[in-house]
2 protein chains.
Amino acid sequence: MAELPLRTRSVEAGVDLIPQGSTPSECCFVIEGWMCRHVLTANGGRQIVAFHIPGDLPDRDSLHLPHLDHAISSISAGRVAFIPHEAVLALLSARPNLAVAFWRDAVVDAGVFRQWLTSVGRRTAKQRVAHLICEMFTRMEALGLADSDHFSFPVTQAQLGDALGLSSVHINRTLQELKAEGVISWRASIVTIHDEAQLRGIGDFDPGYLELKAMAQPH
Amino acid sequence: MAELPLRTRSVEAGVDLIPQGSTPSECCFVIEGWMCRHVLTANGGRQIVAFHIPGDLPDRDSLHLPHLDHAISSISAGRVAFIPHEAVLALLSARPNLAVAFWRDAVVDAGVFRQWLTSVGRRTAKQRVAHLICEMFTRMEALGLADSDHFSFPVTQAQLGDALGLSSVHINRTLQELKAEGVISWRASIVTIHDEAQLRGIGDFDPGYLELKAMAQPH
DNA sequence: CGTGTTATTGACCAACATCAAACTTAGTGG
DNA sequence: CCACTAAGTTTGATGTTGGTCAATAACACG
């Protein structure tokens with residue numbers, strides 16, 4: 001992958017990297033920081049459909065999509081690399097097993113989507129928040145980006161709301177509950193999990209669907 | 001695809017074809033009828049994450065998944081075929097462009113997921129129902145399984161609720177609203193769309209994300 | 001016809017949204 | 001180092017969407 005022609009870019013927090021509806025000719029690779037994908041609705045709502053951390057290829061799907069049905073933005077400041085589609089496609093046709101790895105990665109993402117959808121559709125606010133924290137902790141851990149009981153999660157409460165289908169006010173109250181129960185603390189973007197088993201119980205979290213993610217990570 | 005060793009099976013409505021957590025060794029192909037994928041939550045809830053119609057490969061992802069994080073069930077009576085994983089994988093490695101087609105199909109599914117998640121997270125009950133009807137009508141149309149203004153959608157209101165994150169009672173009231181406004185009618189599993197433009201407007205539906213689905217369909 | 005499933009209705013309730021204000025925090029420039 | 005500012009968080013009061021429960025009606029099927 002090192003031989004690819006890439007163009008890197010530093011981004012501030014909250015920058016719209018790739019707008020909804022555009023037809024990108026490059027793939028975006030996250031080097032540092034948090035990014036997200038989100039869909040804008042007619043009534044001005046916003047649904048974050050994925051969080052992306054270093055090593056992710058947020059718009060891997062754009063290789064196949066005529067035009068993006070969602071936007072890609074930065075959550076925190078960070079750095080991304082852009083790689084021309086042709087270069088990626090050339091690489092993939094040269095190495096079929098890499099293409100399979102890409103497909104496999106897409107399959108894992110689909111599993112993340114299913115869990116996310118299940119949270120938003122059928123879990124309470126508290127369960128959703130707990131589930132998301134468990135998921136992101138597990139993913140960060142797999143990358144060696146988490147410490148034993150805490151990790152950096154630089155999202156605002158409004159962004160959490162947009163991810164979980166809740167208002168920022170309700171996110172705030174839900175977080176306070178979790179803190180009051182002593183399950184987590186969350187100060188200055190650092191989430192500390194005091195009792196992971198309990199948090200998983202609250203959030204109905206089973207890491208099974210992320211197994212392959214860990215395996216697929218050696219990007 | 002015709003040379004694959006397949007085993008067909010007729011199913012009643014509401015049969016659990018492949019249970020959550022299993023490790024299937026075959027892919028399931030829908031020949032006739034409606035199937036769905038759903039996730040069960042700890043508190044007894046159910047989230048339908050996808051509807052599948054003839055021509056779909058509901059557990060295409062199981063080719064890569066160590067164990068299924070969701071179940072596959074029949075919505076209506078129908079017929080499915082089972083194809084051993086090895087046979088599919090052999091075919092895919094023999095024909096790399098077929099593997100790309102599978103990947104592409106997974107990408108389209110991801111787009112469907114994103115819209116679904118956006119509906120459940122950020123749209124009102126009425127918008128969700130309208131959006132889903134538009135989506136399924138568009139998909140059925142692409143397969144030649146819809147008539148000019150109506151199609152067969154053999155789901156119960158409880159199933160609709162499980163798909164859209166709502167209760168069956170609320171689905172019922174929402175449908176009555178749409179019927180009262182004259183946008184649709186729904187009798188005996190047949191949905192008739194009287195004003196598609198209006199329905200799309202209500203549901204914030206843009207068929208763009210399904211374009212590729214239509215193209216990929218020549219299974 | 002009877003039986004089980006699905007649809008419909010009404011009464012009531014809970015979770016979460018909205019609005020608006022006050023308070024913190026982090027970052028900035030003098 | 002201290003105001004100043006803008007963004008984010010927290011709080012309270014109130015409103016609304018949609019859930020729950022329970023009963024009845026309508027079907028579909030044998």
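Sequence lines set the chain letters: A, B, ... in the order given, protein chains first and strands last, and positions in each chain run from 1. Source: prediction; values computed, not measured.
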Participant: Find the distance L178(B):CG to dA7(C):P and express it as a whole number of Å.
Facilitator: 16 Å
Participant: Rounded to whole Å, please give me the gap between CD in E177(B) and P in dT8(C).
Facilitator: 14 Å
Participant: Would you kindly give the CD-to-P distance between Q159(A) and dA7(D), to the nearest whole Å?
Facilitator: 13 Å
Participant: Given side chain to side chain contact (heavy atoms under 4.5 Å, CB included), test I53(A) with V30(A) step by step and report yes or no.
Facilitator: CA-CA 7 Å; I53(A) 55 185; V30(A) 182; over 6 Å; no
Participant: In whole angstroms, how far is the C1' atom of dG27(C) from the CD atom of E12(A)?
Facilitator: 12 Å
Participant: Report, as a single string ordered 5' to 3', how protein heavy atoms within less than 4.0 Å touch nucleotides 10-20 of chain D: B base, S sugar-phosphate only, - not at all.
Facilitator: BBBB----BSB
Participant: Step by step, would you call R128(B) with D204(B) a salt bridge (charged side-chain N to carboxylate O under 4.0 Å, His left out)?
Facilitator: CA-CA 9 Å; R128(B) 293 182 214 184; D204(B) 185 20; over 6 Å; no
Participant: Can you tell me how far C1' of dA7(D) sits from CG of L160(A), to the nearest Å?
Facilitator: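 Taking atom C1' of dA7(D) as the reference, CG of L160(A) is at 16 Å.
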Participant: Taking D16(B) for its side chain and S73(B) for its backbone only, find out whether a donor-acceptor pair lies under 3.5 Å.
Facilitator: no
Participant: For the pair T156(A) (side chain) and Q159(A) (backbone), establish whether a donor and an acceptor sit closer than 3.5 Å, ignoring hydrogens and angles.
Facilitator: yes
Participant: Assert yes or no for the condition that the ring centre distance of Y209(A) to W116(A) is strictly below 6.0 Å.
Facilitator: no
Participant: Looking at Q47(B), is its backbone amide N or carbonyl O close enough to the side chain of T118(A) to form a donor-acceptor pair, meaning the two atoms are under 3.5 Å apart?
Facilitator: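 It does not hold such a pair.
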